[in-house]
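Please read through the structure below; I'll follow up with questions.
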Amino acid sequence: MSYRLTAPAPGWTATTDVVVVGSGVAGLTVALNVRKAGLRAMVVTKAMLDDGSTRWAQGGIAAALGEGDTPEQHLDDTLVAGAGLCDEDAVRTLVTEGPGAVRRLIAVGAAFDQDEDGEILLTREGGHHRRRIAHAGGDATGAEISRALVAAVRSDPGIELIEHALVLDLLTDADGHAAGLTLHVMGEGQRDGVGAVRARAVVLATGGMGQVFSATTNPAVSTGDGVALALRAGAEVTDLEFVQFHPTVLWLGPEAEGQQPLVSEAVRGEGAHLVDAAGTRFMVGQHELAELAPRDIVAKAITRQMQAQGAEHMYLDGRHFGAEMWEQRFPTILASCRAHGIDPVTGLIPVAPAAHYASGGIRTDLAGRTTVPGLYACGEVACTGVHGANRLASNSLLEGLVFAERIAADLTARNAAGDLPERSVDVAAARSAEPAPLLAPEARAEIQRLMSRGAGVLRSAASMAATAEGLAALGRDAAAYLDDGKPADPRVETWEAANLHLVATALVAAAARREETRGCHWREDFPERDDAHWRRHLVTTLSADGTPEPR
Ligand SMILES: Cc1cc2nc3c(=O)[nH]c(=O)nc-3n(C[C@H](O)[C@H](O)[C@H](O)COP(=O)(O)OP(=O)(O)OC[C@H]3O[C@@H](n4cnc5c(N)ncnc54)[C@H](O)[C@@H]3O)c2cc1C
């Protein structure tokens, strides 16, 4: 049984060779690279081209570019952060192809910070034993990468760009091979409303799912749509329980919701300290790298201090940097703090953990192929096996680049071998898929509250049972509306709410199932890592009644 979002039948059709969903580092890199093989590409994106997490990335991109550093050392640090669940082949691919991928990004036009001799400046971040993080504009790395890639795709007439287009579901041919997708375009003219794109292959690069939680560093578009679509299409997703909470997100008050400003790890990399209200450095003695311990360790330590002291946040102290360093090295963070009435030059920065990165996602092989033929995934929406139970800082932009290039290489090779024919969409099968009930727009905030309360940094069987029951109740309400013949009106807000609901339900099911503490999954009731039972992945698919089932 396959499922689809409740939506009107497509009123228009477009055709291309490769349709790419999402315009972050991953999606745009696929589009640019399939063009080299002469294939036409269409990039479909939910908002503007530069809306997505890529533009917000601050710290940088990790690659063994420095003197004395090697891919082998980068591999070691990545495996340690991944807490026993990384796929070593995937990591080896990442770290060996990474330096070349960064150089190719520079050739596309991305300008990284350099010293007077033209050497790329490298900084350190948590979990890295070397300076290997290349950055741009001080702390505006993602904005520069996005600027360069957007300029490159805009100047290629073989890449068609459709903005303000929410992709709904996958279309397949009679053999079950991906053959296109349905989407809703907010616009006027020939492509207004729900339509269909026919393609020889489909690439999902829809980014993360941070919006399933109340407080997140992710932008509003990160609603997990790609994972929800893949589940409905019958694909396997994996490692959903491993959500990385960034330890140092600017704390804006107890009621703050939605995207929150990040205070990059690079601030600690350059020597800022984590302190409590009394000024005590609590990371010293907890880990050999102190404030630069892997993110899960720091997020847990902050959460523990907050609980022990009954505090809502801890502090970051970077006053010793002085005004000049703040202005030159961290201009974005300085401006964002000052916009909220905090001056890091003279005062402490209040920080608390918030949802940041989905280490899991749609399961792929090393060529970015999912378990549905012709459907590819890369970037944050994918689970290539690189991150294991916890992503090493600044490996995500690199993963997006490297695996996007590999997808393009696979499509290029298939095309050359005559293995990328045009596909005819099985329209009857597409419409006969079971329509999944939509949720009212207000459900979004309720899902976020349930998830933050019960499936956040610290989890237990009881907290997750309460969250699962709350989510199930929302689902029952939505189904009841459907039975009454009054489904929530199909539109962007209700489609996104349905996607958030499905992804949240799948995430909680996996997190409840994993009865151990590992990487960024922290169980209060199972505080130890349990390799004997749990050094394995949970793979989730939808059951016959549409419920996510982790196995
Ligand atoms: C504040 C912040 C700081 C970060 N700092 C770093 C860092 O320093 N280093 C690092 O390596 N990583 C960092 N990350 C993580 C990194 O930025 C992301 O993992 C990476 O950019 C993801 O790239 P992507 O191309 O997969 O997705 P995104 O850049 O998130 O792009 C996803 C795209 O998909 C589109 N989309 C989503 N759903 C749909 C749909 N249904 N239909 C059509 N389009 C859709 C979106 O509009 C968007 O264009 C940071 C993340 C955040 C939020």
Side-chain angles (χ1 to χ4, degrees), residues 5 19-31 43-63 98 102 123 125-126 133-136 139-143 145-146 149-150 161-169 181-186 197 203-211 216-229 244 246 248-250 259-266 269 332-333 336 354-359 361 377-382 387 391-401 403-404 492 495-496 499:
L5 284 171
V19 61
V20 180
V21 190
S23 53
V25 62
L28 297 185
T29 303
V30 174
V43 176
V44 182
T45 194
K46 202 166 162 166
M48 307 283 280
L49 274 187
D50 66 352
D51 279 314
S53 289
T54 297
R55 150 155 88 88
W56 293 96
Q58 296 178 342
I61 183 160
V102 172
T123 190
E125 288 193 320
I133 320 295
H135 46 85
D139 58 2
T141 311
I145 292 175
S146 178
L149 291 172
V150 167
L161 305 168
I162 308 187
E163 291 175 302
H164 301 292
L166 181 85
V167 167
L168 304 171
D169 277 307
L181 40 81
T182 53
L183 72 174
H184 176 268
V185 179
M186 288 157 273
V197 172
V203 182
L204 296 177
T206 50
M209 54 174 77
Q211 289 286 330
T216 176
T217 61
N218 290 192
V221 291
S222 304
T223 48
D225 297 0
V227 167
L229 177 157
Q244 183 173 84
H246 197 290
T248 54
V249 174
L250 191 60
Q259 188 180 16
Q260 314 286 311
L262 177 70
V263 183
S264 164
E265 194 138 0
T332 314
I333 298 168
S336 142
H356 184 54
Y357 184 80
S359 297
C378 58
E380 192 166 338
V381 73
H387 306 300
R391 172 191 69 135
L392 183 65
S394 286
N395 265 357
S396 39
L397 289 170
L398 189 71
E399 187 202 28
L401 266 185
F403 286 88
V492 170
W495 285 318
E496 282 190 344
N499 285 337

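No hydrogens, no waters, no symmetry mates; every other heavy atom, side chains included, goes into these values. Remember, it's 1-based here, ligands and their atoms both numbered in the order they're listed.
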Query - Any C378 side-chain heavy atom under 4.5 Å of V30 side chain - result: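 A side-chain contact under 4.5 Å exists here.
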
Requested in this report: Test side chain to side chain contact (heavy atoms under 4.5 Å, CB included) on V203 and V21 and set out the steps.
Outcome: CA-CA 6 Å; V203 182; V21 190; over 6 Å; no

Report task. Please indicate whether any nitrogen or oxygen in L262 is less than 3.5 Å from any nitrogen or oxygen in ligand 1. Result ->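 Checking ligand 1 against L262, no N or O pair falls under 3.5 Å apart.
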
Query raised in the report: What's the spacing between L28 CG and S23 OG if we round to 0.5 Å?
Result: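 One gets 5.5 Å once the value is rounded to the nearest 0.5 Å.
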
Query raised in the report: Which one of A220, A377, A358, S53 has a non-hydrogen atom at the shortest distance from atom 30 (O) of ligand 1?
Result: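 Heavy atom nearest to atom 30 (O) of ligand 1 belongs to S53.
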
Query raised in the report: For residues S396 and R391, is any side-chain donor paired with an opposing acceptor at under 3.5 Å?
Result: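 On atom types as modelled, these side chains qualify, holding a pair under 3.5 Å.
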
Report task. Just let me know how R391 lines up against ligand 1, side chain, backbone, both or neither, with a heavy-atom cut-off below 4.0 Å. Result ->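 For R391, the contact with ligand 1 is made by the side chain alone.
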
Requested in this report: Using the side chain to side chain contact (heavy atoms under 4.5 Å, CB included) rule, take L250 and L262 through it: C-alpha gap first, then chi angles, then the decisive distance, then the call.
Outcome: CA-CA 6 Å; L250 191 60; L262 177 70; over 6 Å; no

Requested in this report: Consider only side-chain N and O atoms of T141 and H135, and report whether a donor and an acceptor are under 3.5 Å apart.
Outcome: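 Note: T141 and H135 side chains miss the donor-acceptor criterion.
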
Query raised in the report: Step by step, would you call V43 with I162 a side chain to side chain contact (heavy atoms under 4.5 Å, CB included)?
Result: CA-CA 6 Å; V43 176; I162 308 187; over 6 Å; no

**Report entry** Within reach of ligand 1, part of A393 (heavy-atom separation under 4.0 Å)
**Finding:**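 Neither; nothing of A393 gets under 4.0 Å from ligand 1.
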
Query raised in the report: For atom 6 (C) of ligand 1, which protein heavy atom lies nearest, and how many Å away is it?
Result: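 Ranked first by proximity to atom 6 (C) of ligand 1 is A57 CB, 3.4 Å.
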
Query - Value rounded to 0.5 Å, distance of CG in N499 from OG1 in T223 - result: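 Taking CG in N499 and OG1 in T223, the distance rounds to 6.0 Å.
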
Query - Sub-4.0 Å atoms of ligand 1 with respect to non-hydrogen atoms of G379 - result: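 Close to G379: 26 (O).
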
Query raised in the report: Any non-hydrogen atom of L166 lying under 4.0 Å from ligand 1?
Result: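 Flag set, L166 near ligand 1.
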
Query raised in the report: For atom 38 (N) of ligand 1, what is the nearest protein heavy atom, given as residue, atom name and distance?
Result: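 So the nearest neighbour among protein heavy atoms is D225 OD2, 3.5 Å.
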
Query raised in the report: Identify the closest protein heavy atom to atom 37 (C) of ligand 1: which residue and atom is it, and at what distance?
Result: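 Answer for atom 37 (C) of ligand 1: T206 O, 3.3 Å.
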
Query raised in the report: Atom CG of L166 and atom CG of L168: how far apart are they, to the nearest 0.5 Å?
Result: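 One finds 5.5 Å between CG of L166 and CG of L168.
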
Query - Atoms in ligand 1 with a heavy atom of A205 nearer than 4.0 Å - result: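 Going through ligand 1 atom by atom, the ones under 4.0 Å from A205 are 32 (C), 33 (C), 34 (O).
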
**Report entry** L401 side chain near I61 side chain, heavy-atom distance below 4.5 Å
**Finding:**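 The answer is yes, as the side chains (C-beta and beyond) meet within the 4.5 Å cut-off.
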
Query raised in the report: Looking just at side-chain N and O atoms, do D225 and T206 make a donor-acceptor pair shorter than 3.5 Å?
Result: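 Distance-only check fails for D225 and T206.
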
Query - Contacting atoms of ligand 1, where contact means under 4.0 angstrom from a heavy atom of Y357 - result: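 Here the atoms of ligand 1 in question are 19 (O).
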
Requested in this report: Using a 4.0 Å heavy-atom threshold (strictly under), name the region of V21 that reaches ligand 1: side chain, backbone, both or neither.
Outcome: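 The side chain, only.
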
Report task. Could you say whether the N/O atoms of T45 and ligand 1 ever approach to under 3.5 Å? Result ->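 It does: an N or O of T45 is found under 3.5 Å from an N or O of ligand 1.
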
Query raised in the report: Atom CD in Q260, atom CG in N218: separation rounded to 0.5 Å?
Result: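 Result: 11.5 Å between the selected atoms.
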
Requested in this report: Tell me which part of V167 gets within contact of ligand 1: side chain, backbone, both or neither, using heavy atoms under 4.0 Å.
Outcome: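 For V167, backbone and side-chain atoms both sit under 4.0 Å from ligand 1.
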
Query raised in the report: If you measure every N/O of G59 against every N/O of ligand 1, is any gap under 3.5 Å?
Result: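 Yes, at least one N or O pair falls under 3.5 Å.
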
Query raised in the report: Rounded to the nearest 0.5 Å, how far apart are CG of L397 and OG1 of T54?
Result: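 That separation rounds to 6.0 Å.
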
Query - ligand 1 N/O within reach of E125 N/O, cut-off under 3.5 Å - result: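 Such a contact does not occur with ligand 1.
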
Query - Protein heavy-atom partner closest to atom 50 (C) of ligand 1 - residue, atom, separation in Å - result: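 Checking every protein heavy atom, the shortest distance to atom 50 (C) of ligand 1 gives H356 CE1, 3.7 Å.
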
Query raised in the report: Please state which protein non-hydrogen atom is closest to atom 9 (N) of ligand 1 and give its distance, to 0.1 Å?
Result: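 The closest one turns out to be G60 O, 2.7 Å.
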
Query - Contact atoms of ligand 1, heavy-atom distance to G52 under 4.0 Å - result: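 Selected atoms, number and element: 29 (O), 30 (O).
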
Query raised in the report: Which protein non-hydrogen atom lies closest to atom 23 (O) of ligand 1, naming both residue and atom, and how far is it?
Result: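 Going atom by atom, the protein heavy atom closest to atom 23 (O) of ligand 1 ends up being T54 OG1, 3.3 Å.
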
Report task. Mind checking whether S222 contacts ligand 1 via backbone (N, CA, C, O), side chain (CB onward), both or neither, at a 4.0 Å heavy-atom cut-off? Result ->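 Near ligand 1, S222 shows nothing, with every heavy atom at 4.0 Å or more.
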
Query raised in the report: Step by step, would you call M209 with V227 a side chain to side chain contact (heavy atoms under 4.5 Å, CB included)?
Result: CA-CA 9 Å; M209 54 174 77; V227 167; 3.8 Å; yes

Requested in this report: Among all protein heavy atoms, pick out the one at the shortest distance from atom 35 (C) of ligand 1; state its residue, atom name and that distance to 0.1 Å.
Outcome: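 Atom 35 (C) of ligand 1 sits closest to the protein heavy atom G22 CA, 3.6 Å.
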
Requested in this report: List every atom of ligand 1 that sits less than 4.0 Å from any heavy atom of A165, numbering the atoms from 1 in the order shown and giving each element.
Outcome: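 It comes down to these atoms of ligand 1: 42 (N), 43 (C).
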
Report task. Please confirm whether the backbone N or O of G60 pairs with a side-chain atom of S394, one donor and one acceptor, at under 3.5 Å? Result ->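 Here the side-chain-to-backbone pair exists.
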
Query raised in the report: Is G142 in contact with ligand 1, taking contact as a heavy-atom separation below 4.0 Å?
Result: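 So G142 does not count as touching ligand 1.
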
Query raised in the report: Is there a donor in the side chain of H387 and an acceptor in the side chain of E399, or the other way round, less than 3.5 Å apart?
Result: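 Note: H387 and E399 side chains meet the donor-acceptor criterion.
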
Query - ligand 1 contact on R55 by region, counting heavy-atom pairs under 4.0 Å - result: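 It is neither; nothing of R55 touches ligand 1.
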
Requested in this report: Using heavy-atom distances, let me know which of S396, A47, A354 sits nearest atom 12 (N) of ligand 1.
Outcome: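 Among S396, A47, A354, the closest heavy atom to atom 12 (N) of ligand 1 comes from S396.
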
Query raised in the report: How long is the span from the CD atom in E265 to the CG atom in D139, to the nearest 0.5 Å?
Result: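 Spacing of CD (E265) from CG (D139) equals 14.0 Å.
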
Query - N or O contact, S23 vs ligand 1, cut-off under 3.5 Å - result: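 Yes, since at least one N or O of S23 sits under 3.5 Å from an N or O of ligand 1.
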
Requested in this report: Compute the shortest N/O to N/O distance between C378 and ligand 1 and return yes if it is under 3.5 Å, no if not.
Outcome: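 No, there is no polar N/O contact under 3.5 Å.
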
Report task. Among all protein heavy atoms, pick the one closest to atom 46 (C) of ligand 1 and tell me residue, atom and distance. Result ->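 Scanning the protein heavy atoms, the shortest distance from atom 46 (C) of ligand 1 goes to D51 O, 3.7 Å.
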
Requested in this report: Between A62, S264, G224, G24, flag the one that comes closest to atom 31 (O) of ligand 1 by a heavy atom.
Outcome: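 Looking at heavy atoms only, the winner is G24.
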
Query raised in the report: So, for V102 and A63, which heavy atoms are closest and what is the spacing to 0.1 Å?
Result: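 Looks like CG2-CB, 4.0 Å.
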
Query raised in the report: Taking distance alone, with no angle check, do L49 and ligand 1 share an N/O pair under 3.5 Å?
Result: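 In fact, backbone or side chain, L49 has no N or O that close.
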
